[in-house]
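Presented below is the structure to which this report refers.
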Amino acid sequence: MSELKGRNTGIRYLAYSLLVLAYIFSLFLSDNIINDQLYEVFNGAENFKRINNKPLTYAAYENDGQDSIIGYVTLGSAVGYGGPLDVLVASDTRGNIVEIKVVNHKETPSFFFKVIHENFLDQFDGESIKNQFKIGEDIDAISGATLTSRGISNAVKQASHHVAVNQLNMEVLEGEHQISLTIRELSVVLLFVLSIMGIVRSNKRIRWISMITSIFVLGFWLNSAIAIANFVVLVKGFMPSVYENLLLYLLIFGVIGLVLFFGKNVYCYWLCPFGALQEIMGKIGGTPIKINSKVNKRLMKLPYLLAWIAVMIALLKNSPGISSYEPFGNIFGLQGLVIQWLLIPIILIASMFISRFWCKYFCPVGVVMYLLVRLRQLLYQWFPKLYGGIFNGKRKIIQ
Amino acid sequence: MERGKLFNKGTIFALIFVLITLIIIGKIFYQGLIM
């Protein structure tokens with residue numbers, strides 16, 4: 001028995017070590033833009049000369065001589081949902097955008113595909129490089145891919161403003177950084193308050209109200225169910241600006257804070273819209289299936305393996321969203337890889353017979369929550385006075 | 001809640017669904033790797 005325990009601990013340490021190595025490896029991965037892309041983005045230019053390194057800027061010439069500048073090409077970078085997006089912006093000497101092209105991205109494939117497919121980039125053609133490119137005002141976001149739309153807009157803004165100020169001596173109004181608190185953020189705060197009330201009172205009815213509200217708020221309305229990609233983005237430092245993405249910060253840090261405070265996985269059982277949907281299916285089907293306890297115990301280890309593989313792929317490819325296999329975007333945002341769509345009927349049907357089928361055997365977010373709970377336990381051991389003062393850690397929480 | 005013989009009907013049902021789901025997740029990982 002102790003031999004088996006030792007082997008398991010060994011495997012766990014090996015898994016953690018490989019994750020750390022993959023993380024270090026990912027720090028050294030870099031992407032180069034190919035010169036050919038310059039010609040693609042600036043049709044008509046025959047020669048390019050690099051005139052600045054940060055941000056990378058090229059002067060575009062009509063012919064081989066260097067006296068006929070017809071415009072500039074600049075590389076702007078900003079973060080979307082799953083990681084950075086590098087955008088080449090070509091502009092003419094009058095200060096209008098000729099064309100833009102995403103030359104490199106670490107975005108979640110389904111979001112990126114949606115943005116490209118719905119011709120989001122065309123909105124920038126002909127726009128002045130002095131434009132603020134503000135989503136919702138100057139540029140229309142693609143519904144269901146707001147963070148990606150905003151990331152591209154920010155990259156275009158960064159690149160074009162650089163050319164406006166440094167090459168064309170234009171005056172550009174830099175927008176003020178202001179945190180915008182909208183109905184979306186307030187709804188999430190209210191949902192948190194509701195669930196905290198329920199947790200503190202151990203009230204099952206409030207848990208159901210919280211879960212059903214979450215299906216509509218975090219699910220169908222905001223399409224913001226937490227996914228493993230969110231945590232990889234956090235660890236990699238790819239989080240977009242808090243000024244424009246307060247909702248994301250509220251959700252991620254709110255949930256981490258709640259789990260660390262209560263010491264229980266309160267997200268999955270109180271706030272996760274997909275978990276709630278499965279519980280409703282369970283109520284409909286009655287979850288009559290009895291699984292052999294040994295098999296069940298083995299299967300419940302699957303999420304750890306799957307989460308590990310997902311994070312390893314994300315780190316090795318330096319692209320947090322690439323291996324996010326959860327079907328949350330499909331069901332709540334009607335977007336996602338074709339293959340992910342197949343998961344929806346399977347999970348929903350299985351959840352009628354097996355309680356929280358996805359959560360139990362596949363969900364990587366549950367693994368992160370478990371690790372946070374473990375962290376809370378360790379913190380409690382290391383700093384008993386600090387934690388004991390805030391919360392005695394013995395309160396029973398419905399799960 | 002979970003009990004019964006090693007391979008009772010419920011367990012086989014669960015294993016089939018788990019296997020199908022794993023195949024799809026495997027395919028998603030593969031797509032991510034080759035991308």
Side-chain angles (χ1 to χ4, degrees), chain A residues 82 105-106 108-110 112 229 287-300 302-303 305-307 309-310 312-314 316-317 319-327 336-355 357-358 360-364, chain B:
Chain A
H105 76 91
K106 303 295 176 197
T108 305
S110 58
F112 186 70
T287 59
I289 279 189
K290 310 283 179 226
I291 303 167
N292 175 274
S293 56
K294 270 188 191 167
V295 175
N296 187 54
K297 211 173 156 188
R298 291 259 159 109
L299 289 180
M300 281 175 80
L302 269 177
L305 178 68
L306 295 172
I309 295 173
M312 279 300 274
I313 295 175
L316 292 175
K317 301 286 280 188
S319 176
I322 207 163
S323 53
S324 214
Y325 57 90
E326 307 98 320
L337 302 170
V338 177
I339 186 106
Q340 271 173 314
W341 278 104
L342 292 174
L343 286 175
I344 303 285
I346 295 168
I347 297 164
L348 292 182
I349 292 169
S351 316
M352 291 172 75
F353 304 99
I354 303 163
S355 157
F357 175 72
W358 173 261
K360 262 188 193 165
Y361 306 134
F362 306 100
C363 190
Chain B
M1 188 192 149
E2 287 85 10
R3 55 193 154 82
K5 283 190 287 180
L6 186 59
F7 287 110
N8 60 17
K9 272 185 197 166
T11 309
I12 291 170
F13 174 88
L15 283 174
I16 290 170
F17 270 82
V18 166
L19 193 66
I20 298 169
T21 313
L22 277 180
I23 290 170
I24 298 171
I25 294 173
K27 176 88 177 143
I28 295 167
F29 285 159
Y30 176 71
Q31 281 186 353
L33 267 175
I34 58 167
M35 202 167 270

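Per chain, numbering begins at 1; letters A, B, ... match sequence-line order. Treat the numbers as computed from the prediction; the structure is a model and nothing was measured.
Contact of L306(A) with chain B is made through backbone and side chain together, with heavy-atom distances under 4.5 Å. Using a 4.5 Å cut-off between heavy atoms, L15(B) touches chain A through its side chain atoms alone. Only the side chain of P109(A) comes within contact range of chain B, with heavy atoms under 4.5 Å apart. Heavy-atom distances place both the backbone and the side chain of L343(A) under 4.5 Å from chain B. Interface remark: A314(A) contributes no atoms to any contact with chain B (heavy atom separation under 4.5 Å). For Y325(A), the parts lying near chain B are the backbone and the side chain together; criterion is any non-hydrogen pair under 4.5 Å.
The two atoms that bring I34(B) and K317(A) nearest to each other are C-NZ, 4.4 Å, heavy atoms only. Here the shortest heavy-atom pairing between I291(A) and A14(B) reads CD1-CB, 3.7 Å. Taking each heavy atom of N292(A) and T11(B) in turn, the nearest pair found is N-OG1, 3.0 Å. In this structure, I313(A) and G32(B) approach most closely via the heavy-atom pair CG2-C, 4.4 Å.
Contact tally against chain B (heavy-atom pairs below 4.5 Å) for L302(A), I347(A), L316(A): the top residue is L302(A).
Within the 4.5 Å cutoff, side-chain heavy atoms of I349(A) are placed close to those of F17(B).
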For this session: Show the numbers, then the answer: is there a side-chain contact (heavy atoms from CB on, under 4.5 Å) between F362(A) and I25(B)?
Result: CA-CA 9 Å; F362(A) 306 100; I25(B) 294 173; 3.7 Å; yes
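For the atom pair I289(A) CD1 and N8(B) CG, the distance stands at 9.0 Å (nearest 0.5 Å). Residue T21(B) holds its OG1 atom at 7.5 Å from CH2 of W358(A), rounded to the nearest 0.5 Å.
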